[in-house]
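Some notes on the structure that comes next.
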Amino acid sequence: MDPFEDTLRRLREAFHTGRTRSAEFRAAQLRGLGRFLQENKQLLHDALAQDLHKATQLDSAFIRKEPFGLVLIIAPWNYPLNLTLVPLVGALAAGNCVVLKPSEISKSIEKVLAEVLPRYLDESCFAVVLGGPQETGQLLEHRFDYIFFTGSPRVGKIVMTAAAKHLTPVTLELGGKNPCYVDDDCDPQTVANRVAWFRYFNAGQTCVAPDYVLCSPEMQERLLPALQSTITRFYGDDPQSSPNLGRIINQKQFQRLRALLGCGHVAIGGQSDESDRYIAPTVLVDVQETEPVMQEEIFGPILPIVNVRSVDEAIEFINRREKPLALYAFSNSSQVVKRLLTQTSSGGFCGNDGFMHMTLASLPFGGVGASGMGQYHGKFSFDTFSHHRACLLRRPGMEKLNDLRYPPHSPRRLRVLLVAMEARGCSCTLL
Amino acid sequence: MEREVQRVRQAFLSGRSRSLRFRLQQLEALRRMVQEREKDILAAIAADLCKSEFNAYSQEVITVLGEIDFMLENLPEWVTAKPVKKNLLTMLDEAYIQPQPLGVVLIIGAWNYPFVLTIQPLIGAIAAGNAVIIKPSELSENTAKIVAKLLPQYLDQDLYIVINGGVEETTELLKQRFDHVFYTGNTAVGKIVMEAAAKHLTPVTLELGGKSPCYVDKDCDLDIVCRRITWGKYMNCGQTCIAPDYILCEASLQSQIVWKIKETVKEFYGENIKESPDYERIINLRHFKRILSLLEGQKIAFGGETDEATRYIAPTVLTDVDPKTKVMQEEIGPILPIVPVKNVDEAIDFINEREKPLALYVFSHNHKLIKRMIDETSSGGVTGNDVIMHFMLNSLPFGGVGSSGMGAYHGKHSFDTFSHQRPCLLKSLKREGANKLRYPPNSQSKVDWGKFFLLKRFNKEKFGLLLLTFLGIVAAVLVKKHQAVLRRKALLIFLVVHRLRWSSKQR
């Protein structure tokens, strides 16, 4: 008996029913074929390799993370070592050559970085340059392949404008006024501990420090004695003699901060000592939105408290202003915390604590809006300092399939093309 | 202008564009627009570039539909918070990255693929929950008009608006403040856009251009290679940012390449190319004249015919091109210069002496050579043994580097470009006792504990010391027998034990 007869008869009968004529049927069949190719890639690949031995692979598509080239890192003075070296680690890890411009304001670290660090790195690929605003301006006229800047929004604009002339991509880690909302249902002592620690750390010279508190008048009443108690516990009765309290970096910043002490009323602290560049851990109350302490980023050991009557008012207050680098919300209700999170925007967010989110390298660190652009830390650093190059390697075979894309074109071909394109992932490798 | 932008901003602040359902609805409406008004869209593109329906559909509309479908399928997953790996200090907390919209996005489109280069970024911006102002290129005026007419009929009229106009209007627009500016176009204007954005600290994505080199190795199937190059070069009359701009090859290959490309052009467009419905025209007279001037003093291997009345320029190949001439300084047009080089080394040097291009192409059977070419050069993207195709795979980020641009998009990369990835850490107000470790007054033991909890590696000698300290705490607990203290210390003990077990497992 002929082994094929039954099969052939079956097919011929089916054809005569006219089932294969409709466009829909044909399209469905082609889609099935597409799915077959899509779902059995590895199987086909292995089979082809077994049969023909040569490289009859399908295409390979991948992203190469390549160094940009020459990277400029401009660092600030408040955490002069950390904020210089952590970006440097990222830039080096990504394979770039780096020019480091430490801050001239943190003079001692600047000296160490310029004199000692180059001894440890390959000097053909690394350099430290020194100078103030004028020299930095000159530096920025040169062309870099990436610029990483940490500092104020005002200078951030200057850096980005200079970068624009060379179409240099940038990461700007800037600042802002980080709001700290305190809900009524919190334990004031716990909140005071946490807020005070993050506010007065490094004498308040931290870009992610809670800049001001938003709470109800009732909460304020409970918070003030708690804050006083915390400050005494942390720094003793005479904070100026405590080894745990930092000083203001220079006279200019000191004078600026001393002027802010005149805003509102001093509830706690308020003392200052010019010879020591010392400013006491201070809490201000009855501050107006228009006063300087609520207009500029404080960057000092001064904590204003602004009263709001509800979470809604707090959210509205926050959203009226520039997007901050960090946002803090203290509440026992996770709903309140989540509300603050979803209805605002900020670089980062921490509920019920200060800038702990920075310690997790699995979280990206960066600003949004006026607080900056781009992110780093951990793998995000590597990605920031790399160009993500899309690569598609096609095989010279299967040229017949490519014929679909070549002119001259016809309406029939369009329909076939459409079906092939619909099996999206697979079609691209075919075509 | 300012009022328009304000209106869109107000619409964004209403929060309407944020919900997943709303974004999906808008994307579905956009899809309906493309399907229902296909004829109008194709006609507009045809009017701008003399493009056949097939070409307009397969080059622009298909990509748009594919992108929308991809978004619809994947957006529900993308908008969710992504939990991240925690450390000891944050072990009991919630830590995740939450994508959020940026706000008001400005998209400035280009004229060469006027529909897809405006709509594909729009899809990404909508998917990420933003409000969008679209400024199509005024050079492709018919498409600009149809986009302005159709979008308000299908999409939310306050969140997504189209503003048309020329250089003056665009300059005015760029003075306004946006939360992201997405520009597709040329390098010169790219600088202007970034400078304007810098005034507001607005992040930008710039999809620019450059001269995409195409290296053809001795060891390749020249027939296939030339067909692929011909297809990519002359599509849209050479007005493609990722077209193979010029060929680098050994001198001995030149005449073969010329012959094969000539034959392929005949096959694709027929004997009378002007009559072929598949061959487009130059967008306007200014570009026509510009491209014409590139032919001056060049050795035309074939082609070179032009017709100003219809803005027709024939597919043209130039041989023995001097790198210093004008045709090797500018891009865009159906003119293919062949620059002979001695070998791959010279080709790589040639490429590296110039600005980083948007795309790089290399044809060879020798996989090692392809790898070398990729390793030793830089470009936005690469396609090996073909041209253009890396654009089609939306799992690959599409963008430039150096003067060919910054940032990328397509598929999820669009979503990421138009989102702020916000890191979130949610702690509890309880367990304040554990925080005593970080509060002043400080001590060396606190620093040691800090290192123990935060750093991966720790001193084996110190380990013994810490173990003693730990046992001391346990002893103190037992002596005190205070419930609350016990509970707090228990947590500390648990953390330490967990850490010890974990680090011993690692060893």
Side-chain angles (χ1 to χ4, degrees), chain A residues 61 63-64 66 145 153 156-157 160-161 164-165 167 169 172 186-187 190 193 197 234-235 244 330 332 337 341 345-346 348-353 356-357 359-360 362-365 368-370 373 375 387-396 399 402 405-409 414 417 421 424 428, chain B residues 52 54 57-58 62 66 84-87 89-90 95 97 100 179 187 190-191 194-195 198-199 201 203 221 224 231 268-269 278 365 370 374 378 381-386 389-390 392-393 395-398 401 403 406 408 420-429 432 435 438-442:
Chain A
I63 300 173
R64 273 174 64 101
E66 303 175 345
D145 298 304
K157 289 182 185 177
M160 189 173 171
T161 305
K165 292 195 169 58
L167 287 170
L172 305 174
C186 300
D187 166 37
T190 305
N193 288 348
W197 193 78
F234 285 0
Y235 311 112
N244 295 307
F330 286 82
N332 269 317
V337 171
L341 188 112
S345 181
S346 65
F349 180 94
C350 188
N352 292 323
D353 211 347
M356 287 304 291
H357 60 288
T359 65
L360 215 49
S362 50
L363 285 176
F365 180 71
V368 67
M373 57 182 78
Q375 299 173 312
H387 165 50
H388 300 210
R389 192 178 188 190
C391 299
L392 178 64
L393 300 184
R394 309 212 68 202
R395 302 301 161 173
E399 183 63 8
N402 270 350
R405 70 187 193 196
Y406 299 144
H409 298 305
L414 177 62
L417 180 73
M421 279 288 193
R424 215 179 312 111
C428 301
Chain B
S52 69
F54 179 94
Y57 197 90
S58 64
I62 264 186
V84 297
K85 213 166 101 170
K86 297 183 279 197
N87 59 20
L89 281 177
T90 47
I97 301 174
Q100 291 187 312
D179 299 295
T187 305
K191 292 181 181 173
M194 188 171 173
E195 211 178 307
K199 291 192 172 59
L201 287 171
D221 183 339
I224 294 180
W231 171 71
F268 287 0
Y269 305 111
D278 298 316
H365 278 137
I370 294 183
I374 298 179
S378 181
V382 178
T383 296
N385 287 324
D386 205 342
M389 295 309 286
H390 64 283
M392 308 292 202
L393 206 54
S395 49
L396 289 175
F398 182 74
V401 67
S403 59
M406 56 180 81
H420 170 51
Q421 304 284 353
R422 193 180 190 192
C424 304
L425 180 63
L426 302 184
K427 299 182 76 82
S428 148
L429 282 169
E432 180 61 2
N435 277 342
R438 69 187 188 194
Y439 297 148
N442 290 327

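Proteins come first, then strands; the chains are lettered A, B, ... in the order of their sequence lines, and each starts at number 1. Heavy atoms only: backbone and side chains are in, while hydrogens, waters and symmetry mates are out.
Per-residue heavy-atom pair counts under 4.5 Å with chain A were compared for B:A408, B:A95, B:P397, B:G381, and the maximum is reached by B:P397. Of the listed residues (A:N193, A:D187, A:D145), the one with the most heavy-atom contacts under 4.5 Å to chain B is A:N193.
Annotation for B:C424 and A:L341: closest pair SG-CD1, 3.4 Å, computed over non-hydrogen atoms. The minimum heavy-atom distance between B:A198 and A:T161, with the atom names listed, is CB-OG1, 3.4 Å. Residues B:R422 and A:S346 approach most closely at NH2-OG, 2.7 Å, considering heavy atoms. Closest approach of A:A61 and B:L393 over heavy atoms only: CB-CD2, 3.4 Å. The minimum heavy-atom distance between A:C186 and B:L429, with the atom names listed, is SG-CD1, 3.7 Å. The nearest pair of heavy atoms linking B:P423 to A:P364 is CG-O, 3.0 Å.
The closest donor-acceptor contact from the side chain of A:R405 to the backbone of B:W231 lies at 3.5 Å or more, if one exists at all. Proximity of a side-chain donor or acceptor of A:Q375 to a complementary backbone N or O of B:Q421 within less than 3.5 Å is detected. A distance-only check finds no donor-acceptor pair linking the side chain of B:N87 to the backbone of A:L360 [under 3.5 Å].
Remark: A:T190 OG1 to B:E432 CD distance equals 4.5 Å, nearest 0.5 Å. Interatomic distance, B:L426 CG to A:N352 CG, rounded to the nearest 0.5 Å: 8.0 Å. Within the model, atoms CG of A:D353 and CZ of B:R438 stand 4.0 Å from one another, a figure rounded to the nearest 0.5 Å. The CD1 atom of B:I374 lies 5.0 Å from the CG atom of A:L393; values are rounded to the nearest 0.5 Å.
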>> For a side chain to side chain contact (heavy atoms under 4.5 Å, CB included) check, start with the C-alpha distance between A:I63 and B:L396, then their side-chain angles and the critical distance, and finish with the verdict.
In response: CA-CA 7 Å; A:I63 300 173; B:L396 289 175; 3.9 Å; yes
> Between A:L167 and B:T187, does a side chain to side chain contact (heavy atoms under 4.5 Å, CB included) hold up when you go through it step by step?
Replying inline: CA-CA 8 Å; A:L167 287 170; B:T187 305; 3.3 Å; yes
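Looking at B:S428, the atoms closer than 4.5 Å to chain A (heavy atoms on both sides) all sit in the backbone: N, CA, C or O. Only the backbone of B:K199 comes within less than 4.5 Å of a heavy atom in chain A; its side chain stays farther off. Contacts of B:M406 with chain A are made by side-chain atoms alone, with heavy-atom separations under 4.5 Å and no backbone atom involved. Looking at A:L172, the atoms closer than 4.5 Å to chain B (heavy atoms on both sides) all sit in the side chain, from C-beta outward. With a 4.5 Å cut-off on non-hydrogen atoms, A:H387 touches chain B through its side chain but not through its backbone. Within the 4.5 angstrom heavy-atom criterion, atoms from both the backbone and the side chain of B:Y439 approach chain A. Proximity to chain A is absent for every atom of B:S52, based on heavy atoms less than 4.5 angstrom apart. Only the side chain of B:I370 comes within less than 4.5 Å of a heavy atom in chain A; its backbone stays farther off. Looking at A:M373, only its side chain comes within 4.5 Å of chain B, counting heavy atoms on both sides.
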